[in-house]
Every structure is written in C-alpha cells, then in structure tokens.
Amino acid sequence: MDIASKYSPTEIEDKWYAAWMEAKVFKSTPDEREPYTIVMPPPNVTGVLHMGHMLNNTIQDVLIRRARMRGYNACWVPGTDHASIATEAKVVRMLREQGITKADLTRDEFLKHAFEWKDKYGGIILKQLRKLGASADWDRTSFTMDSEYSESVIQVFCDLYEKGHIYRANRMVNWDPVAKTALSDEEVIYKEKNSFLYHVRYEIEGMPGEYVTIATTRPETIIADTAIAIHPEDERYTHLHGRRAIVPIVNRSVPIIQDDYVTMDFGTGALKVTPAHDVNDYEIGQRHGLEIIDSMNDDGTISDEMAVYQGMDRFKVRKQIAKDMEASGHLVEKEPYTNSVGHSERTDVVIESRLSLQWWLNMKNVSGPALEAVENGDVELIPGKFINTYRHWMGNVRDWCLSRQLWWGHRIPAYFIDGSEEYVVATSTEAALEKAKEKTGRTDLTMANLSQEEDVLDTWASSWLWPISVFNGLTQPGNAEIEYYYPTQVLVTAPEILFFWVARMIIAGFEYRDQRPFKDVYLTGIVRDKQRRKMSKSLGNSPDPLDLIADYGADSVRVGMLLSSPAGNDLLYDDALVEQGRNFANKIWNAFRLVKGWEIVDTEQQEREKIAIKWMKERIQEAGVEVDDHFDKYRLSDALMSMYKLIWDDFCSWFLEMIKPNYGDPISRQTQEESLEIFEELMKMLHPFMPFLTEELYHGMKERAEGDFICIAQQVQTKGSEAPILQEVELIKEAITAVRAFRAEKGLSPKEAIELYINSEKEALFQHYESVLVKFLNTSKIEFAKEQIDGTASIRVQSHEFYIPLGAIDVEAEKEKLYKEIEYTEGFLKIVLKKLGNERFVNNAPEAVVATERKKQADAEAKLEVLRKSLAELG
RNA sequence: GGGCUCUUAGCUCAGUUGGUUCAGAGCACCUGCCUUACAAGCAGGGGGUCACUGGUUCGAGUCCAGUAGGGCCCACCA
C-alpha cells in the first residue's frame, strides 16, 4: 500500500463534505428519538466569516456531531439576521459609491436595492461555514426577514401592544447622527476620550460685571441653554437665587434655578442646563418647567432655527464657539479632561442625546420569568459567573427603545389616522382599517385615511424570537416541529450579546412558549491576538479563516481553536495552536499508515500483542468516562486534550510500539484486525473534533456500505475501568522509562542490547510482562536476582530494583546519587514523623489520612534501608 | 461611583467537598537521536515562595480579612 507520509486535507475535506450533503446526513425530521437541538446564532446576512464565528461554530459543531453519534436526533438550524442598521449602512455606502443618495430614493426603491444586495452577498457566510465542516441542516436555513418570520415579528409586536407592554413616548434617546436613527442603550459603547472642560462665564442680568462660571465639555450646546442650575445649599451662590443670567453668543436671558442634582464640588458648582441635548438636563428641565430648545438637526449639524452657526457640524461648532467666546471674554479656562463618551456600536459615531418620539417596550412587565429561570437554574449559564452579571442587568432593566428610523427591517404595524397622532396597531392593513373605524366611530374611513408608521423595529426585536420562529412556533402554534425541537438544548454565543439577545430570547421564550428557549447557554470568549488585542479589521491582526483552512486544513483549525478555549475565557489565537492541530492530524495519519502497511500472516498472537490489545481496550474505557465528564461540564478543551493524549501517548507511543513487529516481520492477522477495531473506536470518539480526517480513515480501514459514514455511526458508551492491567502496565511503563532514562544518561545507544536483572517481590508480574520489556528495552537477557549483582548499576522504581551491567562503573557518581536520594528520603520521613508525632493530628484527622501517613512512613523506612544497603555494597 | 471576577512553570490554563510524593497538563525550552509510521517525529530532561500580608485549622494552592495589580458588566460625572 502506498500512502503519502503527510496528511493533505484539502481534497479530502471537499470530498467528504460533498458526500455528506449528497447523503443528507445532517438532515433532521422529528422522529421517536430524543431531540438535541441547537439554533445557530444568525450572523449578519451580509457578513463574512471571522475568527469569532469560527470558534463559535466549531463549538456548536462538536456538540451537535457528538449528539448525533450518541443516539440523539441532532438538529442544527442555521440562518442569517437582517441586521437592520448594519446592513442599511452598507447598502447606503454601496449606493453612494454608485452616486445615489438615500434621500433621493423612495422607501420601495431603497428596499429594492437592499434586497438585490442581500441576494447577491447574503449567505456567503453560511457557505463559508461548510468549509469548517459545520454539520447544520441547511434545508432549514432561516432569515429573520423571511415572510413567515416577519409575520411572527409583527404578530408579537401587536400582541405586546394589546397587552399594554408597548407604548409610544417622547423621550431622550441615543441618537446616531450618521445612521440618523435612535439606538437602544445596549447599542451605545462608552469610550474614554481626552477632551476639555470649558469654563465659561455668564453675566448676571441686572448686575453688570457680575458673572457665574459654569464648566462644560460640550460648549456647542450653549446656544440651546435654557437655565443655569446651582445647588440650593451652595453658599457661594446664595446671592444669585432668583436671578437670571445671559447666555453668551446668543444673549438669551435664562433663569438661575436651584436643584440638588448639581454636585457642589464638581467644576465650578454651577451647571448649564440644556434640556434638549442631555438626559439629566432634560430631567431637570421637566422638574422646573424649562423651555426646550433643540439646536440640532438629525445629522448633528446646527439647526436653521438657531441664530448662529446654522448648518455647521457640532464638532466644528465646538471649536468655533470656544474661539468666539475667548474673543468675547466669556471663556475663562480650557482644562484638559478625560471623560467617557457614548459611541454608536454600528457606525462608531459619537452619540447625541436627543428628544424624540419612539416606541418602547416596558421591560419590567415581561422580564420576571426570565430572571427567575436563570436564578433557579432552569436556564444554566456556562460559565456560571455570568449569572451575577445577568441578575444585575435584569434587576435594573430599562425600557427597550424598539423603533429605528430606518427602512431595512420590519416596519412597525401602527397606522395613523388622517395624519394625526391618533393611531391603531394591527397585523394587517385590513385589520387596521377595522380598528380605526371602531376607534373613531367613522364608518367612512378608507385605506387612504391611514398611513403606516415609517419606522422599523430594532433587529433584536426579531432575533429574540429565533428559537421559536425558525420552527414557525408563532405563526403555526402547536405544529409538530416546534413541539418536538423546542426547547432547544444549548445556545453557543458570545457574552457581549448576553443582554442584546440571550436575555431577550429567554424573555420571549417564557412570554410565548411559557418555557425556556434553551437549557444551557455556553458563553465563549473573545478571540484575541497574542498581545491580547481584540481581533479586528482595523488592526489587521485577524487572519482570514478561509486562508487558514486552506493552509492547515479545517480539522487542524478546529483543534487549534479548541485547544485553548475553556468556556468564558478569551482565546489568544496563535498560529502555533493550529500547527499543533496539524501535527496531531499528521500523527494520526501516520499511525494509520503503520497499521495498514503491515504484512499480514495467519499466526498465533504473541504475548505482548495480547497484552497490548487488552490494555488499550481498558484504557479507552477509562479515558472515555473522563471525556464524557468533560463534555457534561462543557469543558471542550479538556475533552479534546484527553483524546489528544489517549491517541498520541497511549495509542501511538505505547500501544503501537508494543504490537509493532520487528523490521521486516509480518504481524498476525488477528492483531491487525483488532488494532483496526481499536483505531476505529478512537476515530469515533475523535470525530466531533476532527470530522474530515476521521471520516477519511474510517473509509480507509475497510470497505463500507453505501451510506455508512462515521459521522452517523454510533459511539459505544464507555463504562470506565478499574482493571488490574491498567495499574500493572503503568508500573511496566515506569520501569521502561527509568531504564530509558538510564541509557540516555549513560549515552548507551538503543541499538546496543543490555542485560537486565530484576529484584522484586512481584517476580510473577514481571515475568508476565517480560515480552513487553524485551520489546521496549532491547534486552539480550532478563533474569531475576535477590541482591545487587557485582559490576551493575541499579535503578529503583517504587519498591522494585533493576540492575544493569556496565563495563566500568563510576563508583563515586553512584555514591553521590545514593547520598542525594537518602538525604531526600530522610527529609521526607522527618516531615511524616513530625506529623505523626503531633497528637492533635493523630486525634483530629480522619483515620484514612492518618493511615496513609503511616504507610508513607513504612515505605520511606523500607526505601532507606535499601538505599543504605546499596551504599554499603559500593564500599 | 456600584457590582462581579481573576492573579499557580517562559506562555495558555487544570487543580472538584481543606488531607496520598499535590504542586499538574499542553505548548515553548534544553540534551541526544534523520532508529523505514510520523523530524509536522522519537527518547530523555530542567523549570513554580501557588500575587503580597495576616488569620482560621492538627493541616491552606484550596477557607476568611486586608493590600497590590489585571479583567468584565452596569450607571455615568456636567
């Protein structure tokens, strides 16, 4: 047989993925088996695969493949999110490049462009996931703007409105002046920025030459000031009570008010109040009935209504007004200052607080069961530390701004009557008309009297239904699929969207199914580079996942990602990890070459072959339960590492070496067959991690029936093992290692045969494993002895001694070694004796602990005796 | 500012209820080997005051308090 000495993944991966698709092995339909369902967090429809997706989807694929091989009906539902603001921003940019501005288009024209874009680029990411080996049921691919999905989103909006949870209100919102839309609190990212604290003096009306000085980071909003606020108990300003001040530049007279919101020891203790442009100022304004002057347009430029700076950008105005006020003598000081400034998550532009009319969901009304579910473990967060964060957020949850001033998304199903502020909410225009007639008592109303709300819903107001709507659980309640697949098993996602998405899915789950949407939530870490920087396009520190797969193979990349990513911990990506994965793949590949390359002969099995097979089978039992345990706790890195060591160390380094015939010799048919069975079992255990390589080898081992794939083969449930052979072989391995170390130390070539004498109370045991010792140690003779033979060096393993003849022994060096060991053992014994001499220890510690200490004492004393005897023999 | 969390080998991390020689793993490193499965490999080896200080206990990497330094979340300071 001719097999290349290096594993080359590319063709093999394409071949098997195509075969799996052809055979529809990932397809799931409800049946009598227990379901294991995962809904894939839908990436943005126009997104491209990045390292975060790789980690996320690798984890999901490992879990789903394992479930599939353990008797579950595994169903992994893929799909994409319409991602309203992100996608709309992309489409706007694309149109601008074509010389088209959004403002010139009608809503319908814009949507036409958007859908064309979506059809062209949408879903690329899902195709990329196949390269990774993702075993999703692609026939189930969903999109949050599919017609039935959209129906469910509208249905839910109407229902929540009917229940009184949704309201429309004029409130301060986070405004994105580039996307020209409101954002939810969660979409605002605060960043530390170096700026200035401007100290500005306002003249007191009727007291020429008297000033009050305020401090602000946003001088451009001065033109919209409608008051100065001071603390009622601030003695510095008592003389200003009841006075008015003149706003610089615009010369407006505004009241000086007292409010205990003001912090006396910040800045100057006097605060300018701009109710239209700051949340806190707005609240002060409400308390004092202040005028609200909105000085800005929706794009962050100064409104034409204002007397100055019309049409100028807010940041230009900041510089200009500072200059102007310096010229007019109002600017007292410009102090460097660091503060945190809100930025739009999507466009990264500085957020403007702005008063506007939006749709809100009362979160307190609906979030109760979702908080409780996580508190009582009905929904389990992994790692558990996120429970605290979750509890804190849910306990202080604020109302959710649902509306976005965009076109790409689900249009809010509210209909205004005759252009007034009076409206009805309904799932269809027909239903809306009926409601409108009812509400107004006017039977003559027609569609022409109704105009639908222009705003669309926040993306998360559709994706929060994902686990339900991918099974049409809202539009067709009680259908077979939703009843079978829901609730799902586990959600794998990033902690950064715990509130955006996870919490809201739990809320929706209880509101609409009265059930959790998933049992477990596995929160992955963030993929960072070696310097712990987050991987990002702008830093250019993120490798292209597809290039990685092309260079190393998907299996290697999967292993690389999983090797260092315990749940909740960041993954510090390094090519070295993927190289380790590749090396592992190659190791397995070569083990396969070895086993398949032997010449076969029909002879009796040799003793060492029998031992090897028996031992390896027990090892698999033992390691299998360890792997199961890791999986139960979602410790995927540990599970993989257990497999890595089982294959590399136990299977390759010990098992294969034990059965390997001497060069040129054939192997017994039975041994080869049994080795292949063991190999196959290992490949099944490994398959969820390395699907392609294991599939290839599964078919390389023997002819398989059509439709027989390892990915749908069933793993044997391991039961653990405490067979004596495990401990016995451990002892033999220890002895072999000790002798090898001795040879290495003495510079003895492995080619040079040695004689070996064993002095042990367990002669029978060593006799039984003699063939193994011979195989590993290249011995010309093995005999038993009762005491050290002249002219030999001795090696101790536990209570057993091995003597190896040497031409010339360095007596002094041997003595030195013995001294050191005696010294160490004496020290050890001293500590043990001290413990045992302590009455309180003997009286208080559990018997078992005391017993082990006594055993330690006995062992150490026995060992010392042997060591001293050896020393004496050396003279 | 409030809450949570972390600090163990050069790096990334395990270490379950305090108790076996408990101080571990993988990688990296060092030494020797191109031994016909694999140099993407084999064999062997070195390496840690468990952040610091104190306490509880017969016994602390593990429990408690404080200190120092990271990280995360929330609120947000004009």
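A, B, ... follow the sequence lines: proteins, then strands. Residue 1 opens every chain. Just so we're clear, the structure is a prediction, and the values are computed from it rather than from any experiment.
Panel note: side chain A:Arg635, backbone A:Val627; no donor-acceptor pair is recorded below 3.5 Å. Formation of a donor-acceptor pair under 3.5 Å by the A:Arg582 side chain with backbone atoms of A:Leu577 is not found in this model.
Looking at heavy-atom distances under 4.0 Å, A:Lys272 makes no contact with the nucleic acid at all. A:Thr737 comes within 4.0 angstrom of sugar-phosphate atoms only, judged by non-hydrogen atoms across all strands, and of no base. A:Val262 comes within contact range of at least one nucleobase, with a heavy-atom separation under 4.0 Å. Across all strands, A:Gly581 comes closer than 4.0 Å to no nucleic acid atom at all (heavy-atom distances). Using a 4.0 Å heavy-atom criterion, one finds that A:Ala270 contacts the bases of the nucleic acid, with or without backbone contacts as well. Nucleic acid contact for A:Leu271: base, since at least one base atom lies under 4.0 Å from a heavy atom of the residue.
Cation-pi geometry between A:Arg740 and A:Trp654 is satisfied (NZ or CZ under 6.0 Å from the ring centre, within 45° of the ring normal). Cation-pi check for A:Lys334 over A:Phe196 is met; the charged atom lies under 6.0 angstrom from the ring centroid and within 45 degrees of its normal. Cation-pi geometry between A:Arg504 and A:Trp400 is met: the NZ or CZ atom falls under 6.0 Å from the ring centre, inside 45° of the normal.
If you check B:C4 for Watson-Crick or wobble pairing at under 3.5 angstrom, you find it paired to B:G71. For B:G10, the paired nucleotide is B:C27, the pair qualifying as Watson-Crick or G-U wobble because both relevant distances are below 3.5 Å. Look at B:C76: it lacks any Watson-Crick or wobble partner with both distances under 3.5 angstrom. Pairing partner, B:C22: none, since no Watson-Crick or wobble contact has both distances short of 3.5 Å. Pairing of B:U57, defined by two Watson-Crick or G-U wobble distances under 3.5 Å, is not identified with any nucleotide. With both pairing distances under 3.5 Å, B:G66 is matched to B:C52 as a Watson-Crick or G-U wobble pair.
A gap of 11 Å separates the C1' atoms of B:A9 and B:C50, to the nearest Å. Rounded to whole Å, the C1' atom of B:C13 lies 14 Å from the corresponding atom of B:A28. B:U67 and B:G46 have their P atoms separated by 41 Å, with the value rounded to a whole Å. Across the P atoms, B:A51 and B:A60 are found 15 Å apart, a figure rounded to whole Å. Of the P atoms belonging to B:A23 and B:A65, the separation is 28 Å, rounded to the nearest Å. Comparing B:C74 with B:C52, their C1' atoms are spaced 30 Å from each other, to the whole Å. Annotation: B:C27 and B:U62 have their C1' atoms spaced 26 Å apart (nearest Å). Nucleotides B:G48 and B:G54 place their C1' atoms 23 Å apart, quoted to the nearest Å.
Aromatic pair A:Phe689/A:Phe631: centroids less than 6.0 angstrom apart.
Spacing between atom CZ of A:Arg854 and atom C1' of B:G19 amounts to 15 Å, rounded to whole angstrom units. Put simply, CE on A:Met394 is 21 Å from P on B:G3, counting in whole angstrom units. Counting to the nearest Å, the P atom of B:C42 and the CG atom of A:Asn586 are 11 Å from each other. Protein atom CZ of A:Arg593 is 5 Å distant from nucleotide atom C1' of B:A37, rounded to whole Å. To the nearest angstrom, C1' of B:A37 lies 15 Å from CZ of A:Phe584. The distance from atom CD of A:Glu853 to atom P of B:G59 is 14 Å, rounded to the nearest whole Å. Spacing between atom CG of A:Asn569 and atom P of B:U5 amounts to 15 Å, rounded to whole angstrom units. Distance, A:Leu656 CG to B:C42 C1': 14 Å, rounded to whole Å.
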Check nucleotides 24-32 of chain B for protein N or O atoms closer than 3.5 Å to its own N or O atoms and list the pairs.
from: B:A25; atom 1: O2'; to: A:Lys645; atom 2: NZ; distance (Å): 3.1
from: B:G26; atom 1: O2'; to: A:Gln580; atom 2: NE2; distance (Å): 2.8
from: B:C27; atom 1: OP1; to: A:Tyr644; atom 2: OH; distance (Å): 3.4

Protein heavy-atom contacts under 4.0 Å, written 5' to 3' over nucleotides 72-77 of chain B as B (base), S (sugar-phosphate only) or - (none), form the string -SSSBS
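Within the structure, a side-chain polar atom (N or O) of A:Arg740 is placed less than 4.0 Å from OP1 or OP2 of B:G44. A:Arg532 has no side-chain polar atom (N or O) that falls below the 4.0 Å cut-off from OP1 or OP2 of B:G71. Contact annotation: A:Arg635 reaches the phosphate of B:G15 (side-chain N/O to OP1 or OP2, under 4.0 Å).
Between the side chains of A:Gln857 and A:Glu861, at least one donor N or O lies within less than 3.5 Å of an accepting N or O. In summary, the side chains of A:His288 and A:Asp259 do present a donor paired with an acceptor at a separation below 3.5 Å, with no hydrogens or angles considered. For the residue pair A:Ser295 / A:His277, a side-chain donor-acceptor distance below 3.5 Å is found, with atom types taken as modelled. Side-chain polar atoms of A:His231 and A:Gln258 form no donor-acceptor pair below 3.5 angstrom.
Put simply, the side chain of A:Lys587 and the base of B:C38 share a donor and an acceptor less than 3.5 Å apart.
Between A:Tyr522 and A:Tyr634, the ring planes lie perpendicular to each other; the angle is over 60°, past the 30° to 60° tilted range.
Comparing A:Ser653 and A:Asp638 by the nucleotide of RNA chain B whose heavy atom lies nearest to each, the residue mapping closer to the 5' end is A:Asp638. Residue A:Lys633 is the one, among A:Trp654 and A:Lys633, whose nearest nucleotide of RNA chain B lies closer to the 5' end (criterion: closest heavy atom).
Among pairs with a residue in residues 272-285 of chain A, those fulfilling salt bridge (charged side-chain N to carboxylate O under 4.0 Å, His left out) read A:Asp225-A:Lys272, at least two apart in sequence or across chains.
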